[in-house]
Amino acid sequence: MRILLVHADKFSFRVTGETSVALPAELEKTGRQGEVNEALVAFVAAEKGDEANIASVAEQATGEILSLMSQVSTNNVVLYPYAHLSSSLSSPRVAVRLLDEMCSRIQHNKQLKILRAPFGYYKAFEISCKGHPLSELAKTITPVGPAEEAAEEKESQALKAEKTLQSRWVIMSPGEAQVPAEKFSFEKRPGLSLLFRYEKSGSRLSEEPPPHIELMRRMELVDYEPGSDQGNFRWYPKGQLMKRLAEAYVSDLVTRHGGMQVETPIMYDYQHPSLNLYLQRFPARQYVLLSDQKEYFLRFAACFGQYLIQHDMQISYHHLPCKLYELTHYSFRREQSGELAGLKRLRTFTMPDLHTLAGDIEQAKDEFIQQTDLAIQCMEGFGLDFEVAIRFVSDFAKDHETFIEKIVSRCGRPALIELWDKRFFYFVAKLEFNFIDTQDKAACLSTVQIDVENTKRFDITYVDRKGEKRHPLLLHASISGSIDRVLYAILEAQAMRIKRGQKPAFPFWLAPVQLRLVPVSEKFDDACQKILKQVPYRIDYDDRDITMGRKIREAEREWIPYILVVGAKEVAEGCVNVRTREGAQRKMVLSELLAEIEPQMKGKPFFDLSVPKRLSRCPIFVG
RNA sequence: GCCGGCGUAGCUCAGUGGUAGAGCAACUGAUUCGUAAUCAGUAGGUCGCGGGUUCAAAUCCCAUCGCCGGCUCCA
């Protein structure tokens with residue numbers, strides 16, 4: 001903070017207009033004008049860095065002011081926000097808090113009179129400086145001491161504690177005994193080896209950007225939005241369609257499993273007591289909104305919203321397991337800028353979030369297994385391969401060995417198991433499905449966890465058989481992981497195919513365009529129009545005046561599963577010539593083709609084409 | 001957030017102090033085509049944004065924003 005102190009015979013100000021950071025509530029504190037005779041005038045500018053410890057800065061600044069006031073023996077003080085003292089200003093939020101804090105500290109001495117000028121307004125002022133040796137002083141104040149850093153201290157201690165957490169790594173294969181991870185032979189699971197190394201050492205090398213970034217743009221799916229904050233993307237029609245399909249698919253799986261779908265607010269009161277506690281551990285990671293003097297944070301998961309609902313619900317043991325589900329449009333995490341990576345890690349993302357209340361550990365384990373099955377089914381639907389990691393607190397693992405064996409056998413592949421010597425997080429068991437990308441980096445998709453802490457913290461209860469209130473166990477599950485990240489994984493998986501010289505492809509049900517009609521010339525327009533009407537899938541029609549070679553090339557570059565060529569021969573024979581991703585050409589009657597397609601849509605959602613059917617009418621979104 | 005690299009036409013990029021360029025895309029015209037790029041022409045630029053140095057800045061300097069990589073992080 002910069003502070004300029006002037007001992008004046010007279011001082012007056014009046015508001016002349018509002019700046020872009022004006023807050024109406026400020027005027028209520030100060031009025032639009034003010035005047036005082038014989039006062040110490042403090043011009044103050046809050047600077048970047050002050051927010052680290054507002055209390056400390058306010059205390060020091062107040063100390064300077066009070067001591068000078070007694071030296072020049074005056075009882076009047078003017079607090080005047082004056083941005084021009086610094087070229088590195090703090091946020092308005094911090095500045096206002098500092099001024100408030102200074103004001104209330106000065107007011108402790110009832111003898112003193114404060115004249116305050118509003119923050120965020122243009123003001124005119126008049127001052128007559130006394131001109132004696134103490135009448136003009138400038139100070140720079142920086143935050144010291146631990147007072148408000150308590151929260152950050154807590155965090156770093158929490159992180160320190162996490163680092164001292166002892167882990168043991170073992171591999172468990174279906175139907176086999178555990179093997180220490182170092183001794184496991186990874187030949188058949190190179191992905192699992194990569195996951196283990198990734199988790200253990202954390203060192204990774206890569207020079208190239210992840211390939212999904214180029215793909216997401218070239219395919220006109222998603223793009224950066226320079227007009228927003230980093231890690232907030234724009235979705236073009238084809239990407240939005242894929243996202244919507246993926247969301248519908250996951251939501252259908254979860255609601256069919258018994259998840260009751262709800263919707264909760266995206267922002268919460270920073271001062272809400274139980275939320276505030278929850279936030280303490282991770283104070284630096286929220287988007288914070290200041291609205292009319294109140295602070296809100298944007299949710300980083302659907303947890304709170306659902307906790308608050310569950311807290312208010314009347315639940316008996318008859319209702320358990322009780323499942324609330326939300327597809328969070330959106331969750332927000334203000335990740336450090338260097339941590340953001342394309343669709344893999346965003347600041348704003350969409351995530352399915354299922355919370356299950358379970359009466360006892362047996363019920364929790366049973367649900368855990370069922371939700372594991374659901375996650376496997378989900379990954380299969382997306383065509384994604386994954387590596388399994390399961391993390392346990394050692395004591396829990398010891399008591400529930402058959403449970404672990406069961407999970408591993410459901411996953412049907414060797415799993416990396418991490419065992420902690422003590423419980424550090426809120427959970428005792430956590431299952432993860434990790435996707436290994438083109439750069440051998442791991443990204444967590446599906447997860448299921450058993451939480452033993454939060455129903456107490458949020459006072460979520462059910463009534464048991466004896467009529468007594470009890471805190472249930474809580475399962476957190478994200479069946480697919482973040483939807484954005486699912487798309488990242490799908491694109492990365494295709495980039496791997498390209499690298500191996502194979503043709504990339506989307507799962508048929510997710511392809512933004514499932515079939516494309518390519519007429520040999522515009523003479524066949526009538527025939528094409530007829531076909532368009534008979535195909536109940538996402539089909540478009542390349543009616544542009546370009547050569548057939550070009551049309552085929554572009555359809556291939558868009559990974560369209562079926563290319564339907566229509567020319568004189570086909571019209572004569574009443575069929576279409578079908579070119580598939582494999583490059584095969586087959587003459588087929590339309591009904592044959594439709595019969596071949598049908599099973600690929602089974603159990604999958606369908607939405608219509610999100611762009612014009614005629615390619616000649618399609619605008620270009622990227623390049 | 002820290003360290004490093006990058007930012008020029010819608011896209012991919014060339015241009016290191018002296019008149020802003022190419023390919024693709026777009027537009028116009030010709031062409032009516034049989035399975036991964038038909039031919040010709042036209043138009044398109046505050047060189048990320050803001051300062052500075054210089055007779056002169058895309059080019060040098062400072063600051064800032066964004067992207068990528070590494071570290072960190074990933075409740």
Side-chain angles (χ1 to χ4, degrees), chain A residues 48 87-88 155 158-159 162-163 198-199 202-211 213-214 217-218 220 223-232 278-286 299-301 303-304 331 333-342 344-347 349 353 424-427 430 432 434 439 441-444 447 449 451 453-454 476 478 481-482 485 503 516 518-525 542-560 563-571 577-580 583-587 619-623:
Chain A
K48 278 197 179 121
S87 56
S88 169
E155 151 155 88
L159 287 173
E162 184 184 346
K163 292 217 170 87
Y198 189 84
E199 290 292 327
S203 133
R204 40 217 82 147
L205 273 174
S206 167
E207 275 146 30
E208 312 249 293
I213 292 178
E214 196 211 315
R217 305 191 64 232
R218 208 201 73 206
E220 298 196 313
D223 211 340
Y224 299 107
E225 177 48 77
S228 179
D229 185 31
Q230 309 169 260
N232 287 259
Y278 198 70
L279 281 169
Q280 284 305 314
R281 234 182 89 197
F282 299 95
R285 286 300 175 73
Q286 269 62 248
R299 65 172 175 202
F300 47 80
C303 299
F304 330 105
S331 288
R333 297 185 190 180
R334 241 200 72 102
E335 309 288 10
Q336 296 183 60
S337 58
E339 293 164 1
L340 301 169
K344 183 183 180 186
R345 198 111 180 260
L346 298 167
R347 279 186 172 170
F349 56 97
D353 214 343
F424 170 73
F425 301 105
Y426 56 78
F427 48 82
K430 181 186 187 198
E432 289 174 6
N434 286 277
Q439 308 178 324
K441 297 187 189 185
C444 179
T447 180
Q449 305 161 15
D451 178 342
E453 200 173 284
N454 281 306
H476 299 249
S478 188
S482 123
R485 195 175 273 187
K503 275 195 186 177
R516 173 162 295 168
V518 173
V520 172
S521 88
E522 67 190 31
K523 282 182 265 181
F524 308 104
D525 186 67
D542 198 341
D543 62 336
R544 295 172 301 172
D545 179 19
I546 52 176
T547 57
M548 214 186 118
R550 270 283 289 284
K551 293 181 185 178
I552 298 288
R553 176 183 153 83
E554 291 188 19
E556 290 281 358
R557 277 174 58 86
E558 285 179 50
W559 309 352
I560 294 172
I563 302 169
L564 277 45
V565 175
V566 175
K569 285 182 247 168
E570 288 73 20
V571 171
N577 197 318
V578 180
R579 175 178 166 130
T580 54
Q585 281 182 47
R586 288 177 296 162
K587 260 190 197 165
I620 292 157
F621 288 92
V622 183

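Values below: all heavy atoms of this structure, side chains included; hydrogens, waters and symmetry mates excluded. So you know, we letter chains A, B, ... as the sequences are listed, proteins then strands, and number each from 1.
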Answer with base, sugar-phosphate or nothing: what part of the nucleic acid does [X] contact at a heavy-atom distance below 4.0 Å?
X        : value
A:Arg550 : sugar-phosphate
A:Lys551 : nothing
A:Phe621 : nothing
A:Arg217 : sugar-phosphate
A:Glu570 : base
A:Lys344 : nothing
A:Glu335 : nothing
A:Ala443 : nothing
A:Gly583 : nothing

Closest-nucleotide ordering on RNA chain B, the 5'-leading residue of A:Gln449 and A:Lys503
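Nearer the 5' end of the strand: A:Lys503.
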If you pin A:Ala341 and A:Ser228 to their nearest nucleotides in RNA chain B, which one's is more 5'?
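Whichever sits nearer the 5' end wins; that is A:Ser228.
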Go through the N and O atoms of the side chain of A:Asp545 and the base of B:C33, and report whether any donor-acceptor pair is under 3.5 Å.
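Check passes, donor-acceptor contact within cut-off.
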Tell me whether A:Arg333 is salt-bridged to A:Glu339, with the criterion being a basic N under 4.0 Å from an acidic carboxylate O.
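Looking at A:Arg333 and A:Glu339, the cut-off is not met.
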According to the Watson-Crick and G-U wobble definitions, with both distances under 3.5 Å, which nucleotide is paired to [N]?
N     : answer
B:C55 : B:G18
B:G23 : B:C11
B:C6  : B:G66
B:G29 : B:C39

Parallel, tilted or perpendicular: ring planes of A:Phe300 versus A:Phe304, cut at 30 and 60 degrees:
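Geometry flag for A:Phe304 against A:Phe300: perpendicular rings.
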Between atom [atom1] in [X] and atom [atom2] in [N], what is the gap in whole Å?
X        : N     : atom1 : atom2 : value
A:Glu214 : B:C24 : CD    : P     : 18 Å
A:Arg516 : B:G34 : CZ    : P     : 19 Å
A:Arg553 : B:U38 : CZ    : C1'   : 14 Å
A:Phe300 : B:C73 : CZ    : P     : 18 Å
A:Glu554 : B:U35 : CD    : C1'   : 14 Å
A:Phe524 : B:G34 : CZ    : P     : 10 Å
A:Asn232 : B:G66 : CG    : C1'   : 13 Å

Just checking, is any N or O donor in the side chain of A:Asp451 or A:Gln449 under 3.5 Å from an acceptor N or O on the other one?
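No donor-acceptor contact under 3.5 Å links the two side chains.
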Reading 5' to 3' through nucleotides 2-9 of chain B, protein heavy-atom contacts under 4.0 Å coded B for base, S for sugar-phosphate only, - for none:
--------
Of all the choices, B:C74, B:C67, B:C33, which nucleotide is nearest to the side chain of A:Ser521 once you look at every atom?
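Of the candidates, B:C33 comes closest.
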Of the listed nucleotides B:C68, B:U35, B:A26, the one nearest the side chain of A:Ile620
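Among the listed nucleotides, the one closest to the side chain of A:Ile620 is B:A26.
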Taking the C1' atom in each of B:C33 and B:G15, what is the distance between them to the nearest angstrom?
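Those two atoms are separated by 40 Å.
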